[in-house]
Amino acid sequence: SKPAFFLAKCIVEIPRLAVLVLMLISTFYPLASPRTPFVIYFLICMAAAWAISGWATILSIAQDPKSAQLSIVVIMVIFCMFCGVSPRLDELDKMGKPMTIVAWTSFARWFVECLYTEETE
């Protein structure tokens, strides 16, 4: 069944995503020198990677492989464009309900919000 495939694929992705995130963070973290502890930074980035992986899995189930690849790129670009950095969330709210929905469903909005909260505490 499709729900079982989705769940299994998401769970199997965790070790691979952990290695990829660890490789990225191990190069970025020393250069950026964030105030956030390494483990917290890793967990936040891991959650974002897992969210992206979930979106990719949903689209790969619903579409043929080439269309799914293009769709996930387009969706991730849209999510990153409307994550609340620029334009800010209050400006997105003024653009209407569709932009508010995009901002609330965007993994990037919550990713940026988590990083900001951790850095400013």
Side-chain angles (χ1 to χ4, degrees):
S1 76
K2 290 185 179 187
F5 174 76
F6 174 76
L7 183 62
K9 180 102 168 131
C10 287
I11 291 171
V12 168
E13 283 283 307
I14 292 173
R16 185 181 75 84
L17 290 174
V19 169
L20 291 173
V21 169
L22 186 62
M23 289 174 21
L24 174 72
I25 299 295
S26 64
T27 58
F28 174 77
Y29 193 85
L31 295 172
S33 300
R35 295 181 202 164
T36 307
F38 184 85
V39 173
I40 301 298
Y41 210 85
F42 173 80
L43 291 174
I44 293 170
C45 292
M46 183 67 191
W50 201 35
I52 295 167
S53 172
W55 277 101
T57 302
I58 288 170
L59 291 174
S60 70
I61 292 170
Q63 299 177 330
D64 64 278
K66 290 193 185 273
S67 296
Q69 287 177 350
L70 180 60
S71 296
I72 194 65
V73 169
V74 170
I75 288 173
M76 290 306 121
V77 167
I78 290 170
F79 280 170
C80 289
M81 283 173 51
F82 300 108
C83 69
V85 175
S86 179
R88 293 188 327 264
L89 290 174
D90 59 340
E91 294 169 351
L92 286 173
D93 287 340
K94 293 175 187 171
M95 291 182 192
K97 193 73 170 167
M99 289 301 116
T100 304
I101 291 170
V102 169
W104 275 88
T105 58
S106 170
F107 81 95
R109 179 252 170 108
W110 303 107
F111 175 64
V112 169
E113 199 164 314
C114 283
L115 290 177
Y116 180 80
T117 302
E118 287 298 321
E119 283 295 311
T120 58
E121 282 188 337

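Both backbone and side-chain heavy atoms feed into the values below; hydrogens, waters and symmetry mates do not. Note that this is a predicted model, so its numbers are computed, not measured.
The line from NZ of Lys9 to CD1 of Ile61 is 9.0 Å long, rounded to the nearest 0.5 Å. The OG atom of Ser60 sits 9.0 Å away from atom CZ of Phe6, with the distance rounded to the nearest 0.5 Å.
Side-chain contact check for Val73 versus Gln69: every heavy-atom pair is 4.5 Å or farther apart. Ile44 is listed as a side-chain neighbour of Leu115, based on a closest heavy-atom distance under 4.5 Å. In this structure the side chain of Met76 reaches within 4.5 angstrom of the side chain of Phe79, judged on heavy atoms. Using a 4.5 Å cut-off on side-chain heavy atoms (C-beta onward), Met99 and Phe82 make contact. For the pair Leu24/Val21, no side-chain contact is recorded, criterion being any heavy-atom separation below 4.5 Å from C-beta on.
Contacts of Glu113 classified as salt bridge (Lys or Arg N to Asp or Glu O under 4.0 Å), with partners at least two apart in sequence or in another chain: Arg109. For Ala56, the side-chain contact (heavy atoms from CB on, under 4.5 Å) partners are Ile72, not counting sequence neighbours. With sequence neighbours left out, Ala32 forms a side-chain contact (heavy atoms from CB on, under 4.5 Å) with Phe28, Pro34. Remark: Val112 engages Cys83, Val85 in a side-chain contact (heavy atoms from CB on, under 4.5 Å) (not counting sequence neighbours). The side-chain contact (heavy atoms from CB on, under 4.5 Å) check on Ser71 picks up Leu59, Gln63, with sequence neighbours excluded. Contacts of Arg88 classified as salt bridge (Lys or Arg N to Asp or Glu O under 4.0 Å), with partners at least two apart in sequence or in another chain: Asp90, Glu91.
Ile75 is connected to Leu70 through a chain of hydrophobic side-chain contacts under 4.5 Å among Ile, Leu, Val, Met, Phe, Trp and Tyr, so both are in one cluster. Linking Ile, Leu, Val, Met, Phe, Trp and Tyr residues whenever their side-chain heavy atoms come within less than 4.5 Å leaves Tyr116 and Phe38 in two separate clusters. Val77 and Ile58 sit in two unconnected hydrophobic clusters of ILVMFWY residues. Membership requires side-chain heavy atoms under 4.5 Å apart, directly or through other members. Under a hydrophobic-cluster definition in which Ile, Leu, Val, Met, Phe, Trp and Tyr are linked whenever side-chain heavy atoms come within less than 4.5 Å, directly or via other members, Phe111 and Tyr29 are assigned to the same cluster. Under a hydrophobic clustering in which Ile, Leu, Val, Met, Phe, Trp and Tyr are joined whenever their side-chain heavy atoms come within less than 4.5 Å, directly or via other members, Val39 and Met46 fall into the same cluster.
Taking the six-membered ring wherever Trp is involved, the centroid distance between the rings of Trp55 and Trp50 does not fall below 6.0 Å.
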- Message: Set out, in order, the CA-CA distance, both residues' side-chain angles and the distance that settles side-chain contact (heavy atoms from CB on, under 4.5 Å) for Leu89 and Leu92, then state yes or no.
- Response: CA-CA 5 Å; Leu89 290 174; Leu92 286 173; 4.1 Å; yes
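The minimum heavy-atom distance between Phe107 and Ala51, with the atom names listed, is CB-CB, 3.8 Å. Across every non-hydrogen atom of Pro87 and Met95, the tightest pair is CG-CE, 3.8 Å. Minimum interatomic distance between Asp64 and Ser67 (heavy atoms only, all atoms of both residues): OD1-OG, 2.9 Å. Residue Ile25 comes nearest to Pro30 through the heavy atom pair O-CD, 3.9 Å, listed as atom of the first residue, atom of the second, then distance.
Side-chain atoms of Ser53 do not come within 3.5 Å of backbone N or O of Ala49 as any donor-acceptor pair. Side chain of Ser26 to backbone of Leu22: a donor-acceptor contact under 3.5 angstrom is found.
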